[in-house]
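By convention here, the first residue in the shown sequence is residue 1. For the numbers below, each heavy atom of this structure counts, side chains included, while hydrogens, waters and symmetry mates do not.
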Amino acid sequence: MATLAKSIKGGEFLVRETSAQEIFIPEEYTEEQKMMAQACQDFIDTEIIPKIEEIDSMKNPDLVPSIFKKAGELGLLGISVPEEYGGMGMNFVTSMLIADIIGSAGSFSTTYGAHTGIGTLPILYYGSEEQKQKYLPKLATGEWAACYCLTEPDAGSDANSGKTKAELTPDGKHYLINGQKMWISNAGFADLFIVFAKIEDDKNLTAFIVEKTFGGITMNEEEKKMGIKGSSTRQVFFNDCKVPVENMLSERQNGFKIAVNILNIGRIKLGSGILGGVRAVTTNAIKYSTERKQFGVSINTFGAIKSKLAEMAIRTYVSESLCYRAGQDIEEQINSFVAEGMEESQAKLKGVEAFAMECAIAKIHGSEVLDYVVDQGVQVYGGMGYSAEAPMERAYRDARIARIYEGTNEINRMLMIGMLLKRAMKGEINLFEPAMAVSAELTSVPSFETIDTSELFASEKEVLKKLKKVFLMVGGKAAMALQDKIEEEQEIMMNLADVMIEIYAAESAILRSEKLVSIQGEETTAMQIAMSQVYLAEAVDKINAAAKEAIASFTKGDEQKVMLMGLKRFTKADLVNTKELRRQIADYMIEQGKYPF
């Protein structure tokens, strides 16, 4: 694995060609990472899967805390915590890998993610040395459980509008916190609360580390939820909760920045965190379709079922590809900052912030792949899929939350485009110059360069180049036409986000398959090649539709005609026999009897 930063910046994939050798692929895990992943899988197989019904029933309030503590004893709660604070001190990609494996643990994955991510990382990245020494060893070992108190009844996506107040006591030694928080994961058994509140009439939030023993904390009963039923979710009330002034996290009014940056990490971890679940669902669908007989044969012999199984695998492969590509870019940026002399926790924050757009893509793509896979899993099972006796019913319910937490997918779509435009305006990404070049190209005579199709992926890379021109054409024109009002045009922002997501996803899959070929050979990787080719063909159509909708919404007359002609030119691609490729992929999966990639 490379350790020095490459020149690529967050969002720059739109205007820069990336070589396959630059990216990290899951097939390159080290032996140590594989051992950690196996230990995590063994823990799930022994401690969670046999008890999953009991976990979801929540009849035994001590069950989840006891499983949580066992995870701590194995070191699974301290993956990202440095060794000097009682953790494992593993790198960013390894923390993504463990989140990936935990994804198959049902509602426990929420318990795990809330503690190791938003519960622990604010202290790791923003805490004083004294705070780190006091709290991180307890969190890393599972002695204490953590939760994160940001959302309020009137403050969801607009987190900074929270009304919870913190008032300094007359002696200046404590803050009294008063307010209400809701949808707080792990609240029912948490020992430590990361709480966001406003001091006096401050514009921005301030963060505090609050111990349960400080008093003044009460809770409602557990929320009755659609899914992730085995995770604790409660409303938390703070009534003159007395917090020592030294438990302010970072600086006054820095809470909103903490929330944003921690959510960036949460987004890419969620992107990897769906992977274990979708692999498990796909494997169950393969097995059931083999066992289930209709008209005298297994239903997996039918083209309709094969198409579903293959598409489940294709989207999983692509989401995995983009997640670990982004994760390694973050890792290398972190290493670069450390090499320049930046303190490690600050380097981690800045590294993730640099690729905040890719974090949003990972969250959006992953959560929507998860929804697709569980939906098709139910369909493969047919009537049994609707039964609580079969595994699909739980998976279907549990999946739905992923498009909501860590920022809704709609908010994430708009954030990533807003961020891209701001970085372009600051000159951090050279976006407008390439956009102007594409605009000039629209009125020029098209060139007909000959592509050497004998080279693997040459045609696909040419398609990707043109798809990037679609984004530059539509995004550039929209930015010019709408200027500072573009953020009010949420539909256009989401159209642009969809184009951006599909470009990154399709390119990540192509690059991964290309790198795999260089390592294992073309024959061994035939299915991976097929998966990336099918996805790219689908991406072309999705990009065409999203771009066309955007063009129709802010252009008229001759300008619209020119842009539609450009769109037609830039989304022109050779027809791919996706039916045949899906059948080949499905046959291979059925032969293996599980998700095999």
Side-chain angles (χ1 to χ4, degrees), residues 41 44-61 63-64 67 99-114 183 185 188 222-233 270 273-294 298-300 302 304-313 315-316 319 366-405 409 586 589-590 593-595:
Q41 188 62 58
I44 293 169
D45 291 342
T46 56
E47 298 294 337
I48 295 174
I49 301 302
K51 306 169 187 172
I52 201 155
E53 294 283 353
E54 190 181 357
I55 290 169
D56 271 10
S57 74
M58 296 197 81
K59 289 179 180 176
N60 178 359
L63 180 58
V64 171
I67 294 173
D100 171 337
I101 303 301
I102 287 284
S104 65
S107 55
F108 186 80
S109 63
T110 295
T111 303
Y112 177 88
W183 307 121
S185 296
E222 292 287 348
E223 296 286 353
K224 305 298 183 185
K225 307 188 295 288
M226 179 192 295
I228 55 170
K229 291 179 179 288
S231 63
S232 172
T233 310
L270 192 152
I274 64 94
L275 293 168
V278 292
R279 291 192 206 100
V281 168
T282 304
T283 291
N284 282 334
I286 292 167
K287 290 179 177 177
Y288 184 82
S289 69
T290 302
E291 296 164 2
R292 174 69 169 165
K293 302 280 197 301
Q294 287 291 280
S298 296
I299 63 171
N300 66 19
F302 303 136
I305 299 296
K306 287 184 179 183
S307 181
K308 293 180 188 300
L309 296 176
E311 191 64 23
M312 291 160 77
R315 298 193 190 192
T316 302
S319 215
S367 62
E368 292 177 4
V369 166
L370 175 61
D371 258 12
Y372 176 85
V373 169
V374 296
D375 184 70
Q376 294 301 315
V378 170
Q379 200 69 13
V380 169
Y381 269 63
M384 277 303 296
Y386 209 69
S387 169
E389 299 298 314
M392 291 301 167
E393 183 263 355
R394 180 187 295 106
Y396 188 85
R397 288 186 291 98
D398 286 351
R400 189 57 184 86
I401 189 63
R403 282 163 51 202
I404 297 172
Y405 57 22
N409 286 10
M589 294 163 66
I590 292 163
K594 62 178 182 177
Y595 178 86

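The OG atom of Ser387 sits 7.5 Å away from atom CD of Glu393, with the distance rounded to the nearest 0.5 Å. For the atom pair CD1 (Ile286) and NZ (Lys306), the distance works out to 12.5 Å, reported to the nearest 0.5 Å. Distance CD1/Ile228 to OG1/Thr111: 8.0 Å, rounded to 0.5 Å. Between the CD1 atom in Ile590 and the OG atom in Ser289 there is a gap of 5.5 Å [rounded to 0.5 Å]. Distance CG/Leu275 to OG/Ser319: 6.0 Å, rounded to 0.5 Å. Taken from CG in Asn60 to CD in Glu54, the straight-line distance is 5.5 Å, to the nearest 0.5 Å.
Closest of all the heavy-atom pairs between Lys225 and Ser231 is NZ-O, 2.8 Å. Of all non-hydrogen atoms in Ala285 and Leu309, the two that sit nearest each other are CB-CD2, 3.8 Å. Minimum interatomic distance between Ser367 and Ala402 (heavy atoms only, all atoms of both residues): CB-O, 3.5 Å. Of all non-hydrogen atoms in Thr316 and Arg279, the two that sit nearest each other are CG2-CG, 4.3 Å.
Panel note: side chain Ser298, backbone Asn300; no donor-acceptor pair is recorded below 3.5 Å. The backbone N or O of Ala304 sits nowhere less than 3.5 Å from a side-chain atom of Ser307 that would complete a donor-acceptor pair. Between the side chain of Asp56 and the backbone N or O of Gly230 there is at least one donor-acceptor pair closer than 3.5 Å. Although no hydrogens or angles enter the test, the distance criterion places no donor-acceptor pair under 3.5 Å between the side chain of Ser109 and the main chain of Ala105.
Not counting sequence neighbours, the partners of Asp45 by the side chain to side chain donor-acceptor pair (under 3.5 Å) test are Gln41. Evaluation of the side-chain contact (heavy atoms from CB on, under 4.5 Å) rule for Glu368 yields Ile364, Arg403, Asn409, Arg413 as partners, not counting sequence neighbours. Lys594 is linked by a side-chain contact (heavy atoms from CB on, under 4.5 Å) to Thr283, counting only residues two or more places apart in sequence or in another chain. Remark: Glu223 engages no residue in a salt bridge (Lys or Arg N to Asp or Glu O under 4.0 Å) (not counting sequence neighbours). Residues meeting the side-chain contact (heavy atoms from CB on, under 4.5 Å) test with Lys51, sequence neighbours left out: Glu47, Ile55, Leu63, Ile67, Lys70.
The shortest distance between side-chain heavy atoms of Ile52 and Pro50 does not fall below 4.5 Å. When side chains are defined from C-beta on, Val369 does not count as touching Met312, because their heavy atoms never get closer than 4.5 Å. For the pair Arg400 and Asp371, the minimum side-chain heavy-atom distance is below 4.5 Å.
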Going through the distances and angles, do Leu270 and Tyr405 end up as a side-chain contact (heavy atoms from CB on, under 4.5 Å)? CA-CA 9 Å; Leu270 192 152; Tyr405 57 22; 3.2 Å; yes
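With respect to the salt-bridge test (charged N to carboxylate O, under 4.0 angstrom), the residues Asp398 and Lys229 do not qualify.
By the 6.0 Å contact criterion, OH on Tyr396 is open, its count of non-hydrogen atoms from other residues, nucleotides or ligands being 12 or less. The environment of NZ in Lys59 is sparse: at most 12 heavy-atom neighbours from other residues, nucleotides or ligands sit within 6.0 Å.
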List the atom pairs, donor and acceptor, that lie under 3.5 Å between side-chain atoms in residues 372-386 and the rest of the protein, sequence neighbours left out.
from	atom 1	to	atom 2	distance (Å)
Gln376	OE1	Lys308	NZ	2.9
Tyr381	OH	Asn284	O	3.4

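For the residue pair Glu222/Ser232, the side-chain donor-acceptor check at 3.5 Å is satisfied.
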